[in-house]
*Asks:* 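Below: one structure in structure tokens.
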Protein chains: 2
Amino acid sequence: MVRLIKHLHKRIHDDANAVLRPWGINHPEYNILMMMYGTEGYTLNPSQLADAAGEKSANITRLTNELCDKGLIERTASDEDRRKITLTLTAEGLTMIESFLPDICALLERQTVGMQARDMVQLERLLKKFLDQFEGD
Amino acid sequence: MVRLIKHLHKRIHDDANAVLRPWGINHPEYNILMMMYGTEGYTLNPSQLADAAGEKSANITRLTNELCDKGLIERTASDEDRRKITLTLTAEGLTMIESFLPDICALLERQTVGMQARDMVQLERLLKKFLDQFEGD
DNA sequence: GGTGTATTGTTCACATATTGATTATTCACA
DNA sequence: TGTGAATAATCAATATGTGAACAATACACC
């Protein structure tokens with residue numbers, strides 16, 4: 001069971017990387033972009049990202065550095081709390097997201113084509129339940 | 001869904017590492033030990049391990065090096081095929097496995113206590129089915 | 001036998017992730 | 001106001017994972 005999850009995780013990760021390679025980004029970077037894309041004002045701070053993405057904050061620093069270097073997001077100091085940093089999608093970042101979205105959707109399509117919708121719902125429910133076991137320490 | 005699997009994978013990995021730390025080994029090393037423990041003669045070669053563990057062979061080399069250094073397994077050249085290497089659990093390795101087994105079982109117990117046996121079977125079935133989607137490229 | 005090809009395991013260089021210490025700031029509270 | 005604890009982000013060191021090139025051996029085939 002543990003091995004099953006490990007394999008699945010690896011495959012998902014690798015497949016996503018393969019699809020994203022033409023755009024010069026990898027799966028973790030994609031995750032960050034998509035989380036910002038799904039946010040009011042396309043804006044988050046590093047610690048919110050760390051929570052949502054399940055990455056360590058040190059890792060977020062590295063990943064967002066790369067995204068900044070590529071001009072996909074922007075870093076600005078927060079006014080309300082000067083410890084915080086505000087990350088915002090740039091127009092360039094938005095354009096890129098919308099350009100790879102079709103390919104990503106096709107990937108997700110491919111990955112689920114053999115599963116009944118009912119199975120997917122069921123799987124998600126059980127995964128959540130299982131994960132709850134862990135969180136409850 | 002993808003994030004769910006990522007989180008779950010991470011939690012399983014981290015929890016196992018936490019339990020294993022007192023013995024000075026980590027989750028990947030534990031996996032290797034357990035695979036050998038579950039084998040006739042406590043013996044495998046690196047490529048079998050790589051397949052079973054889903055690690056790259058280069059990684060297996062590093063991990064088995066560490067286990068050799070710690071005296072938990074032994075490397076010997078294979079007679080039948082001189083390209084191959086035979087990895088065998090040492091008495092020391094066996095002793096260690098049997099010493100941490102109770103704690104590992106307790107961990108697994110904790111992780112599944114809230115799940116019905118039926119749910120676990122179902123979850124495993126769906127995960128396998130989902131994984132098949134990917135393998136079929 | 002000799003030759004080309006596949007397999008096994010290792011090594012090295014690089015990419016990616018985590019840990020622990022460090023800096024700057026905020027907050028609670030006397 | 002000043003002091004200590006908590007929080008946000010970063011940095012340097014280390015651990016972990018991967019890909020490409022390599023050496024040694026086996027195997028198929030003529």
Side-chain angles (χ1 to χ4, degrees), chain A residues 3 6-18 20-21 24-33 36 43-70 73-88, chain B residues 3 6-7 9-18 20-21 24-32 36 43-70 73-88:
Chain A
R3 221 169 336 160
K6 184 185 159 97
H7 278 148
L8 196 48
H9 177 251
K10 198 174 166 56
R11 271 312 287 259
I12 290 174
H13 192 263
D14 290 350
D15 283 10
N17 273 333
L20 292 167
R21 182 151 316 126
I25 63 173
N26 57 26
H27 194 207
E29 290 171 335
Y30 159 82
N31 278 328
I32 290 179
L33 290 178
M36 300 183 63
T43 290
L44 282 172
N45 25 51
S47 46
Q48 292 175 305
L49 274 178
D51 282 351
E55 307 273 0
K56 296 292 157 63
S57 60
N59 208 15
I60 295 291
T61 299
R62 179 177 52 86
L63 290 167
T64 52
N65 275 341
E66 287 165 17
L67 291 171
C68 279
D69 289 350
K70 291 174 189 164
I73 65 176
E74 245 174 11
R75 236 190 267 253
T76 52
S78 163
D79 283 337
E80 43 159 301
D81 183 339
R82 305 227 316 274
R83 289 170 305 183
K84 292 187 182 175
I85 294 275
T86 300
L87 300 164
T88 316
Chain B
R3 220 170 335 160
K6 185 186 159 95
H7 277 147
H9 176 252
K10 200 173 166 55
R11 271 313 287 259
I12 290 173
H13 192 263
D14 290 352
D15 283 11
N17 272 333
L20 293 168
R21 182 150 315 127
I25 64 173
N26 56 28
H27 194 206
E29 289 171 335
Y30 159 82
N31 278 329
I32 289 180
M36 300 182 62
T43 291
L44 282 172
N45 25 44
S47 47
Q48 292 174 305
L49 274 177
D51 282 350
E55 308 271 0
K56 295 294 155 66
S57 60
N59 209 13
I60 296 290
T61 299
R62 182 171 50 81
L63 289 167
T64 52
N65 275 341
E66 287 165 18
L67 291 172
C68 281
D69 290 350
K70 290 175 190 163
I73 65 175
E74 247 175 9
R75 239 190 267 253
T76 51
S78 163
D79 283 338
E80 43 159 299
D81 183 339
R82 305 229 315 276
R83 289 170 305 182
K84 291 189 182 175
I85 294 273
T86 300
L87 299 165
T88 316

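In the text below, chain A, chain B and the rest are named by the order of the sequence lines, each starting its count at 1. Since the structure is predicted, the reported quantities are computational estimates derived from the model, not experimental observations.
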*Asks:* Mind checking which nucleotides bracket the chain A contacts on DNA chain C, 5' to 3', with an atom under 4.0 Å from a heavy atom?
*Replies:* dT16(C) to dT26(C)
*Asks:* Just jot down the side chain to side chain contact (heavy atoms under 4.5 Å, CB included) partners of Ser47(A), sequence neighbours excluded, or say none.
*Replies:*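 For Ser47(A) the side chain to side chain contact (heavy atoms under 4.5 Å, CB included) partners, ignoring immediate neighbours, are Asn45(A).
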*Asks:* Is Lys70(B) reaching over with its side chain to a backbone N or O of Gly24(B), donor-acceptor style, under 3.5 angstrom?
*Replies:*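 Yes.
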*Asks:* In chain order, what residues pass the side chain to side chain donor-acceptor pair (under 3.5 Å) check against His9(B), with sequence neighbours excluded?
*Replies:*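 Partners of His9(B) by the side chain to side chain donor-acceptor pair (under 3.5 Å) criterion, ordered by chain and then number, come out as His9(A).
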*Asks:* Kindly give the atom pairs (protein nitrogen or oxygen, nucleotide nitrogen or oxygen) under 3.5 Å for nucleotides 24-28 of chain D.
*Replies:*
from    : atom 1 : to       : atom 2 : distance (Å)
dT25(D) : OP1    : Arg82(B) : NH2    : 3.2
dA26(D) : OP1    : Arg82(B) : N      : 2.9

*Asks:* Quick one: list whatever passes side chain to side chain contact (heavy atoms under 4.5 Å, CB included) with Asp14(B), sequence neighbours left out.
*Replies:* Lys10(B)
*Asks:* Could you state the atom-to-atom distance from CG of Asn17(A) to P of dG17(D) in whole Å?
*Replies:*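 Taking CG of Asn17(A) and P of dG17(D), I get 16 Å after rounding.
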*Asks:* Once side chain to side chain contact (heavy atoms under 4.5 Å, CB included) is applied, do any residues pair with Ala53(B), and if so which ones, sequence neighbours excluded?
*Replies:* Met35(B), Glu55(B)
*Asks:* Check side chain to side chain donor-acceptor pair (under 3.5 Å) between Asp81(B) and all other residues, then give those that pass, not counting sequence neighbours.
*Replies:*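 Once residues adjacent in sequence are excluded, the partners of Asp81(B) under the side chain to side chain donor-acceptor pair (under 3.5 Å) criterion are Arg83(B).
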*Asks:* If you pin Lys84(A) and Lys10(A) to their nearest nucleotides in DNA chain D, which one's is more 5'?
*Replies:* Lys84(A)
*Asks:* Under the rule for side chain to side chain donor-acceptor pair (under 3.5 Å), what residues qualify as partners of Arg82(B), not counting sequence neighbours?
*Replies:* none
*Asks:* Let me know which of Leu49(B), Ile85(B), Thr64(B) forms a side-chain contact (heavy atoms from CB on, under 4.5 Å) with Leu44(B).
*Replies:* Leu49(B)
*Asks:* Return the set of residues passing salt bridge (charged side-chain N to carboxylate O under 4.0 Å, His left out) with Glu74(A) (not counting sequence neighbours), or none when no residue passes.
*Replies:* none
*Asks:* For Thr61(B), which residues count as a side chain to side chain contact (heavy atoms under 4.5 Å, CB included) partner, sequence neighbours excluded?
*Replies:* Asn65(B)
*Asks:* Take the protein atom CG of Leu63(B) and the nucleotide atom C1' of dT18(D), then report the distance between them rounded to whole Å.
*Replies:* 13 Å
*Asks:* Could you run down the sub-3.5 Å N/O contacts of the protein with nucleotides 11-16 of chain D?
*Replies:*
from    : atom 1 : to       : atom 2 : distance (Å)
dT16(D) : OP1    : Asn26(B) : ND2    : 3.1

*Asks:* Report the residues that fulfil side chain to side chain donor-acceptor pair (under 3.5 Å) with Arg62(A), sequence neighbours left out, ordered by chain and then residue number.
*Replies:* Asn59(A)
*Asks:* Would you kindly compare Arg75(B) and Lys56(A) by the position of their nearest DNA chain C nucleotide and give the one closer to the 5′ end?
*Replies:* Arg75(B)
*Asks:* At 4.0 Å (heavy atoms only), tell me whether Ser57(A) reaches a base, stays on the sugar-phosphate, or touches nothing.
*Replies:*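 Here Ser57(A) touches the bases of the nucleic acid.
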